[in-house]
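To start, the structure itself, in structure tokens.
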Number of protein chains: 2
Amino acid sequence: MVQTERSGCPINLTLERLGDPWSLIVIRDLMFGNRRSYGALLSGSEEKIASNILADRLKRLVRAGLLTRRDDPSHRQKGIYSLTEASIQLVPLLAHMGAWGRRHTAASVELSVRAELLEVGGPDLWNAFMDELRHLHLGAPRPARSVFAELQAAYRNALVRRGD
Amino acid sequence: MVQTERSGCPINLTLERLGDPWSLIVIRDLMFGNRRSYGALLSGSEEKIASNILADRLKRLVRAGLLTRRDDPSHRQKGIYSLTEASIQLVPLLAHMGAWGRRHTAASVELSVRAELLEVGGPDLWNAFMDELRHLHLGAPRPARSVFAELQAAYRNALVRRGD
DNA sequence: CCAGACCACTTGCATGATGCAAGTAGATGC
DNA sequence: GCATCTACTTGCATCATGCAAGTGGTCTGG
């Protein structure tokens, strides 16, 4: 570690890891979209992340301990990315970002449904979701409740409503 | 508004406003350090923000509705920057960022004291702090409790302890 | 067992953001 | 009215981003 940091302030150090336009988008897709591979992250991205930026961010996030990568047994060159305990603990942060964005930006109705659910659910829901992420990404036992399914169902519902 | 956004996702839209290495540092200093002018933000900055970047961010944040600027009556060319309701509502976000940074980065002990206080205090403390910020920045009545003073006292205390 | 599609990246290049040092122009203080 | 202060701006080097295209392994159907 020769690289020097700007300051020892915890907010600053968080920003040094996540304060760019793409890192949290990647984590969001991994977390809420369960997109686990390079290809899934690249093509599923609403925001059309560039392939070189995605490759760079994945490396950087692995190096920072926010993701891990293991080989996909079904496809030798494919990697499967997982959240770590550190990135799972970003759930409340992302929930707040969603809540703030819903209130103070012109967010689309369908894409706000999940944010609303997370906001209304509060810390209890976040904890249930974090337990589920520990199951999906860290191999912990499967919890009874699937917040992931609830979020997806709410989103699909909103899409249908909009489709009418 | 010709400028197009990457997507309507509330998390993405929040990132488009705040997802750079400096915007939240400026808001943090305005919020927790009560640094209200260009000069105060420039010289007080732990992280040594460059003067052109600070000038650019102040403009951008004013345009985005996260800050307002008014003239300082005591000094004709000086401006006083204030938070808006939108940026005051970033308190929970910054509290979470501090909490995460404290847990997952090598944050310095003195600079973590305020983050710890905010984390332990939880939503009640955040609301009290937001009320105080509405007083300091928006002209609302002064609340009974000064969270700002509590945070500063805790920080000074930590400095003294370290000084021993 | 081989052609073609697929996948996970990399490369080149243009453009914009950042960082540093220095400069400027008006305001204030003595 | 001269030095100093304040709020910026400017020039320039370097780094980050975005786009389009390329590369080289890997799987798949016949």
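Order of the sequence lines fixes the chain letters, A, B, ..., with proteins taken first and strands second; residue numbering starts at 1 for each chain.
When distances are taken from the side chain of Lys78(B) to each of dA7(D), dC27(D), dT10(C), the shortest belongs to dA7(D). When each of dT17(D), dG18(D), dC8(D) is scored by its nearest atom to the side-chain atoms of Asp20(A), the top-ranked nucleotide is dT17(D).
Atom C1' of nucleotide dA20(D) and atom CD1 of Ile49(A) are separated by 17 Å, given to the nearest angstrom. In this structure, CG of Leu58(B) is placed 10 Å from P of dT9(D), rounded to the nearest angstrom. Atom CD1 of Ile53(A) is separated from atom P of dA16(D) by 10 Å (rounded to the nearest Å). Atom NZ in Lys59(A) sits roughly 14 Å away from atom P in dA8(C) (whole-Å rounding). For the pair Asp71(B) CG and dT28(C) P, the computed distance is 11 Å after rounding to whole Å. Spacing between atom OH of Tyr81(B) and atom C1' of dC8(D) amounts to 9 Å, rounded to whole angstrom units. Rounded to whole Å, atom P of dT9(D) lies 11 Å from atom CG of Leu54(B). In this structure, CD of Glu47(B) is placed 12 Å from P of dG19(C), rounded to the nearest angstrom.
In this structure, Glu47(A) pairs ionically with Arg28(A), as a charged nitrogen and a carboxylate oxygen lie closer than 4.0 Å.
Mapping Arg76(A) and Gly39(B) onto DNA chain D by nearest heavy atom places Gly39(B) at the nucleotide closer to the 5' end. Toward the 5′ end of DNA chain D lies the nearest nucleotide of Asp56(B), the other residue of the pair Ser74(A) and Asp56(B) mapping further downstream. Nucleotides of DNA chain C nearest to Ala55(A) and Gln77(A) differ in position, and the one nearer the 5' end is that of Gln77(A).
For Arg36(A), no side-chain nitrogen or oxygen approaches OP1 or OP2 of dA8(C) to under 4.0 Å. Under 4.0 angstrom from either OP1 or OP2 of dT18(C) there lies no side-chain N or O belonging to Lys48(B). Taking only side-chain nitrogens and oxygens, Arg57(B) never comes nearer than 4.0 Å to OP1 or OP2 of dA17(C). Taking 4.0 angstrom as the limit, Trp22(B) places none of its side-chain polar atoms (N or O) nearer than this to OP1 or OP2 of dA17(C).
Within 4.0 Å (heavy atoms only), Asn52(B) reaches at least one base atom of the nucleic acid. At the heavy-atom level, Ser43(B) lies nowhere under 4.0 Å from the strands shown. Note on Arg6(B): nothing from the nucleic acid sits closer than 4.0 angstrom, heavy atoms only.
With ring centers used as reference points, Phe129(A) lies under 6.0 Å from Phe32(A).
Side-chain atoms of Tyr155(B) and Arg114(B) form no donor-acceptor pair, as typed in the model, at a separation below 3.5 Å. Using modelled atom types, one finds no donor on one side chain facing an acceptor on the other under 3.5 Å when comparing Ser23(A) with Arg60(A).
The side-chain tip of Arg17(A) does not point at the ring of Trp100(B) from less than 6.0 angstrom away and within 45° of straight on.
Between the side chain of Asp72(B) and the backbone N or O of Gly79(B) there is no donor-acceptor pair closer than 3.5 Å.
Donor-acceptor pairing under 3.5 Å, judged by distance alone, is absent between the side chain of Ser37(B) and the base of dT6(D).
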